[in-house]
Structures are given as structure tokens and as C-alpha cells.
Amino acid sequence: MADLDMSLQFLKGVGPARYEILQKLGLNTVEDILNYFPRDYEDRGNYKKICELIDGETTAIKAIVKTNVSEQRIRRNMAIYKVIAEDGTGNIILTWFNQPYIKKQLCVGEEYSFYGKVKNTLGRIEIQSPVFEKAEASKNTGKIIPIYPLTAGITQNVFRGIVELAVKSSLEEVQESMPNWILDKYRLPSFKWAMQNIHFPEKLEDFEKARKRIAFDELLTMQLALLRFKEKGNEDRDGISFSIDENVDELLNTLPYKLTNAQMRVWKEIDKDMRSSKSMNRLVQGDVGSGKTAVATLAMFKAVKNGYQAAMMAPTAILARQHYEGISKMLAPFNMNVELLTSDITKKNKALVLERLKNGEIDILIGTHALLEENVEFKNAGLVITDEQHRFGVRQRSVLSAKGNLTDTLVMTATPIPRTLAIILYGDLDISIIDELPPGRQKIDTYAVKRNMDERINAFINKELNAGRQAYIVCPLVEESEHMEGVKSVVEQFEYYKKVLANYKVEMLHGKMKPKDKDDIMQRFKQGEINAIISTTVIEVGVDVPNSTLMIIENAERFGLAQLHQLRGRVGRGKHKSYCVLKYEGNSDIVKQRMEIMQKSNDGFVISEKDLELRGPGEFFGTRQHGIPEFRVANLFTDIPIMKVAQEIANRIIEEDPRLEKPENTILLNGINKLFEEKISI
Ligand code: ADP
Ligand code: MG
């Protein structure tokens, strides 16, 4: 019997060289091995008859070798080894490349198990490079074989041997992770059984059952952790009670429009949080153009009227400046000091801003990541807002909140995500949804087109510019890249469109430019001096230029749907009819489906559900999305049914035992604590 924390170097068969390789895989102890799950399985136990074999299937057979191994040199460094075998129902050719030792390993008249991919060309049945062993052995064939994610220097067979030994010697030590009452109620197998069967299932159903059990563990623990986190927040997060509120109407009355019902409802929710003596921790989700900024401004206005400072952080300098200008204008009648802080202001100005912020002379500070720097100190921040939260990490959000004492926190996002996922991603937040667009918004006509339409599209752009409108042309790359042939870059397309739109002022915009130059171009675009911008996705979030009516996207197949939707949201913001043209390459079904969804739907929620469905959560969120828990087996998309059950159970448990103090829940509390140690150390 081996302890779970026993070092692998003491395991039989693991010498110093192998130990080193295992360490490279992040495996140090026996427990690490138990937790290192297969990436796939091969069913080498389900023998088929040779006469039943189908072209293309990967399968196992048992057959007797009929001929000696023949060797055929086809090139100087390439030899083919061949035998014929039969099982009474037919003959099969077995082939290996450059493996002379095969000659010694196969004997005529002996029966072997073979496993590999079948090729059936006009009745000539063949398996190339099959795995094999004597029929009576059952080490590498004859059963379901787990396949592990490995690195060079160790084979599947050797690694599997190590796992086998680790499981055999320490399975007894594995502790149950769920209370009995849950196991009984939901008829779940024990954790021990699941661990055995995730590695070495006898039947494929067993593997699936084991996987589900472990996925359930992961999802329930995560749910509980998030609820617990939230609960704890509510317990010990005394906040500011912003009680003066009659003045907010003044601001509402000076706005050039009436809030939509949805904006009003969400504002009421925020207002209630702000008045309460607990601190606010709220997420506002609203499709592009739903008017989140106005709602955020109301909240900042209220905070300032109550004698506090407020801050708002945006992911790009362009957006920060736009907010600064828009919000300054909205608040102009109210004698509030609004300032902008991005990393590209001069040192001298920055020092001045920081000084005034600390004195309390600045009421509202708007900026980029620059707000997170240590030397940004407020006199008394009462409210912090993060715009386009999906561009930031959880950690950045909390750094900003920590700038004040007991601050209220509001985060906003236009990436609508299905609720089940929202709970996982933003589990510690209350959620408000602005599910209505301001009246009079026109539907943006969307066309997905191939290269052969270039001429017509170019004529169309010219026509729109001629009518006084403006256009965005978005490319996936900044510069040409030899690694991505055929993918359009800003630099190259800039040259192209300068010719195509010869009568107009065209500029480019991308992340490698100096912030000042970017700002300058954006300003001139806003003022109408520039007619078309060739840009990367730096303009993706938030940019608001109502006179732009055309969004052309090059290589649209390279963007996520949610991102395309965001990009499209840059037009259709004014009174003019707007268009989005998706220029795409490729004929795959997925690409076509994605383009079709974009043409059909203008609803961010629908689009993101589809995106998630087509791409899976990993790509959907991209690697930059921090704060998404990584699961070992649970899949945030395909395991939604398990997640729902887990959410239900978690809610019930926390309701009955908010601090998980009951003895039967200790085991769950331990699991959560472990999770926090490992993963969510925010
Ligand atoms: P987002 O939710 O994408 O951040 P914005 O706050 O940028 O949206 O608002 C988009 C545009 O809609 C802005 O030009 C804003 O002035 C305008 N707007 C916001 N609320 C309303 C409303 N209730 N009625 C009309 N226009 C509105
Ligand atoms: Mg916005």
C-alpha cells in the first residue's frame, strides 16, 4: 500500500530518467498520477471477424499468422514489413514501416491480437502499423486501453504500466469527496470506483459513469465555492449606504432621451443596491447599443452627489476617451469634475491628476488599466465600474474595487452568455440584464460574401461614402504574415483601399500604433474628417460614431460570432440605414453555418449560444478570459445537464447550511477549500 503523497521515484519501475520525464508532465506523487486522466480510450477488447471489417474503422481482431515476415526496401531509408494472417473468415495483410524487429516478434502458426485502422481496397483488407501481442497475453490488447496525454521520452505502454501500479497500490487510500446522502440520492458511484474506472474501465459505459461522477464533483464543488464566496461577501461586506437620491431625477431630465424600460429597471436594481448598507457587486449584461453607459453614469452621479468619488475603467484608450467625452457632456450641467487617465498622458499631467484625485478634487475618474496602478489613490472612492468586463480578469476587477474602502462595484459586459455559464463565470455577482434596445434602432442588414463580390462591395462602399456616411473595414492581422497566407492585414488592406476609395480620406488603426496616433485618428474619424478606417479589432468594443453605417469584415471566418456581433454593433447607431458585410473564405459547413447565423440574427444572446454550441467553451472564451475555472473532465457545454443538477443541489445545501457547518457537509467544505487554494486564489 502506498500513500497518496508518496513520491513517484519510489514507485517500482520508475528510475531517475523516467522520474524526470514524469516531473516534466507535472507528476510528482502517486496522487498526481491518479489525477492524470486519459485523453482518450481505445477499445481493443471488442474483437471483430476479418470478414466483418469495414474500411476506415479502428478495431481489434484475433488472427493466426500464416506467412513469414517479408521485407521490402522501397527507398534507401524506407522498408516495409508484411505478413498475412487469417481467422477462419478471411485473410488480412498487416504492414509495418521501418520496424525490422517485427520479424523476430511474429511466428507463423501463432495467434495474436492486432489493433489498428482498417483499410479495405476492393476486398484487399489491410491494417497498417497495428499494435499487437500474443492472443493469450492481455497487457496491451484485449481490453479498453486508456491513452494519456504524454510527452516525448515515454511510451503509452510504459506510462500505462506506471498508472496501473499507482492505482493498484493506492486506490484504497482515496477518500470519498461527497457525503453519502448525495451519493445515495443521486445514485452516484463512489469516488474510489470512479477513479479506478476513469483509468481502467472494463466497459465504455463504466468510463462514462466515472467521468460523469468526477464531472459532477467538479461542478458541484465549483458551484458551492461560488455560492459560499457570494454568501461570505454578503455576510461581511459592509458597504456604503448612498442615501441621498432625489437629485438623480435632475440628470434624467437633462438626458436627450428617455431611458428604456429595461434601462430603468436595471437602474432601479442598482439604486437599491447602492442605498443598502451592504456593498453592491453587480453585473450588467446588455447587448451592444442597449445603453449601458447611461445607466453607469446615473450610478456615478449618485455616488458623487453622496459625497464620494467614482471610477470607470474601459479596456482600450479609445473607449476610455469616448466615455470621458460622453460622460463629461452628460454631467456638464452639474458641476462635477470628470478626468481621464490613460497610460499615454504626459508625466506632468498624470502627476497632476493623481494629486487632485488624492485631494478629492476629482469626482469621476475614467481610464484604462492605468487606473489599476498602485500610485492611483482616491480620497474616498465609493463606486467603481468596469466596462466590457469580459476583456478584463477577475483579478483586475478586485484590484480596482480595493482602491476604495467598502466600495460598490458594477461591472458591465456586452458579451451575453447563457445563464448557466454566467453563474459559473460571475457566480459571485448579482446579475441585471438590459434586454431592450432604445427605440428607433434599425436592423443592420448583414451579408456574407465571397471574394468574387469584391467589385460590387467596393462600389457600395464608395456609394455610402459619397452620401456622407463613414465605414469601418476590419482585418484579423496587423501585418502580413507568412504563416497565415490569405489572411488580410491592416497594413496591406490600407494600401488596397487607398486605391479603391481614391476620392476619400482613408486611415489605418491598429494596436501597434502609438496611443496618441490612435486617439488622433479616432478623433478625426468622429469629426468626419476621415471617411473610412482600416482597423484591427481595436475598434471592437464600445466605439460610438453614429454617422458610420458600414462595417466590412475581412476574413470573417476567423472571428468568433460574439466578436462579429460586437463589431457589427459599431454601426446602426444613428438615424441612417446600416450594413455589415462579412467577407469570408472557406467552404466548411461550420463556417457556412456561422455566417448564416450572423445574417439571420441580430440578438446577442442567440448568437452567443450558437457560438458556444459550434465552438465549445474553450475557444468561445479564448485563453485570455481569466477566471474561468479549468475543469479536468467537466465540459461547460456538453455537461450542462449535470451542471443544472449541481446548481440545484448547491443552492439547496447553501440555503440550509450557509456556512457548511453541519458535520455531513464537512467533506464538501474541505473540497471547496482545496479548490480555492489551487485555483481561485484571487
Ligand atoms: P452600450 O450598451 O453598447 O455600451 P451605449 O451606452 O454606448 O451602449 O449607448 C449606445 C447609444 O445609444 C449611445 O449613442 C447612447 O447615447 C444611446 N442611448 C442610450 N440610451 C438611450 C435611450 N434610452 N434612448 C435613445 N438612445 C439611447
Ligand atoms: Mg458600452
Side-chain angles (χ1 to χ4, degrees), residues 248-249 251-270 282-301 311-332 364 366-368 385-392 410-417 431-444 470 472 522 525-526 537-549 551 562-576 578 580 602-605 607-608:
V248 175
D249 286 339
L251 174 55
L252 284 175
N253 291 334
T254 60
L255 289 181
Y257 43 75
K258 210 170 141 275
L259 289 194
T260 62
N261 289 335
Q263 279 172 313
M264 204 49 173
R265 187 187 67 238
V266 169
W267 161 243
K268 288 268 154 68
E269 288 167 1
I270 293 170
R282 186 169 285 280
L283 169 75
V284 175
Q285 271 193 44
D287 210 342
V288 252
S290 60
K292 295 183 287 293
T293 321
V295 174
T297 308
L298 286 171
M300 292 197 284
F301 178 87
M312 181 164 174
M313 179 167 71
T316 65
I318 291 174
L319 189 53
R321 170 168 289 277
Q322 178 185 294
H323 280 327
Y324 166 70
E325 285 165 0
I327 291 167
S328 301
K329 204 157 132 201
M330 275 195 254
L331 298 179
I364 293 178
I366 295 169
T368 54
I385 300 178
T386 321
D387 191 21
E388 310 292 351
Q389 163 66 33
H390 60 285
R391 289 290 201 97
F392 293 101
L410 195 61
V411 305
M412 309 200 288
T413 180
T415 299
I417 45 177
I431 299 179
S432 293
I433 300 179
I434 307 184
D435 50 6
E436 181 186 350
L437 294 180
R441 286 286 157 80
Q442 311 199 18
K443 187 178 173 299
I444 301 161
Q470 287 163 284
Y472 301 98
M522 213 51 224
F525 186 69
K526 259 187 196 171
T537 53
V538 286
I539 54 110
E540 170 196 344
V541 291
V543 172
D544 191 33
V545 182
N547 189 48
S548 339
T549 54
M551 168 59 68
Q563 207 177 10
L564 290 176
H565 182 63
Q566 277 271 356
L567 285 168
R568 179 168 61 185
R570 297 310 111 220
V571 298
R573 304 192 141 232
K575 51 184 185 293
H576 304 289
S578 294
C580 173
N602 261 308
D603 181 329
F605 274 91
I607 289 173
S608 74

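When a ligand or atom number is given, it counts from 1 through the structure's own listing order.
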(request) Please check if the side chain of K443 supplies one atom and the backbone of N602 the other of a donor-acceptor pair under 3.5 Å. (result) no
(message) Checking contacts here: is it the side chain or the backbone of T260 that comes within 4.0 Å of ligand 1, counting heavy atoms only? Could be both or neither.
(response) both
(request) Within a distance under 4.0 Å of any heavy atom of R573, pick out the atoms of ligand 1 and give their elements. (result) 3 (O), 7 (O), 10 (C)
(message) Can you name the atoms of ligand 1, numbered from 1 with element, that are less than 4.0 Å from a heavy atom of D544?
(response) 13 (C), 14 (O)
(request) Compute the minimum heavy-atom distance from M412 to ligand 1 and say whether it is under 4.0 Å. (result) no
(request) Report, in ascending order of atom number, the atoms of ligand 1 lying under 4.0 Å from any heavy atom of L259. (result) 23 (N)
(message) Counting C-beta onward and ignoring hydrogens, is there a side-chain heavy-atom pair between V571 and T549 closer than 4.5 Å?
(response) no
(request) Using heavy-atom distances, let me know which of N261, V284, T293 sits nearest atom 5 (P) of ligand 1. (result) T293
(message) Between R282 and S432, is there a side-chain donor-acceptor contact under 3.5 Å, judged purely by atom types and distance?
(response) yes
(message) Under a 4.0 angstrom heavy-atom cut-off, which atoms of ligand 1 come close to V288?
(response) 3 (O)
(message) Using every non-hydrogen atom in the two residues, find where I385 and M300 come nearest and quote the distance to one decimal.
(response) CD1-CG, 3.5 Å
(request) State, to 0.1 Å, how close E436 and S290 come at their nearest heavy-atom pair, and which atoms those are. (result) O-CB, 3.8 Å
(request) For ligand 1, find out whether one of its N or O atoms is nearer than 3.5 Å to an N or O atom of G289. (result) yes
(request) Could you tell me if any non-hydrogen atom of S290 lies under 4.0 Å from any atom of ligand 1? (result) yes
(message) Under the rule for salt bridge (Lys or Arg N to Asp or Glu O under 4.0 Å), what residues qualify as partners of R265, not counting sequence neighbours?
(response) D435
(message) For V545 versus Q470, what's the shortest heavy-atom pair and its separation?
(response) CG1-OE1, 4.1 Å
(request) Under 4.0 Å from a heavy atom of K258: give me the atoms of ligand 1 that qualify, with their elements. (result) 22 (C), 23 (N), 24 (N)
(message) List the residues meeting salt bridge (Lys or Arg N to Asp or Glu O under 4.0 Å) with R321, not counting sequence neighbours, and say none if there are none.
(response) E325, D519
(message) Between ligand 1 and G286, is the shortest N or O to N or O distance under 3.5 Å?
(response) no
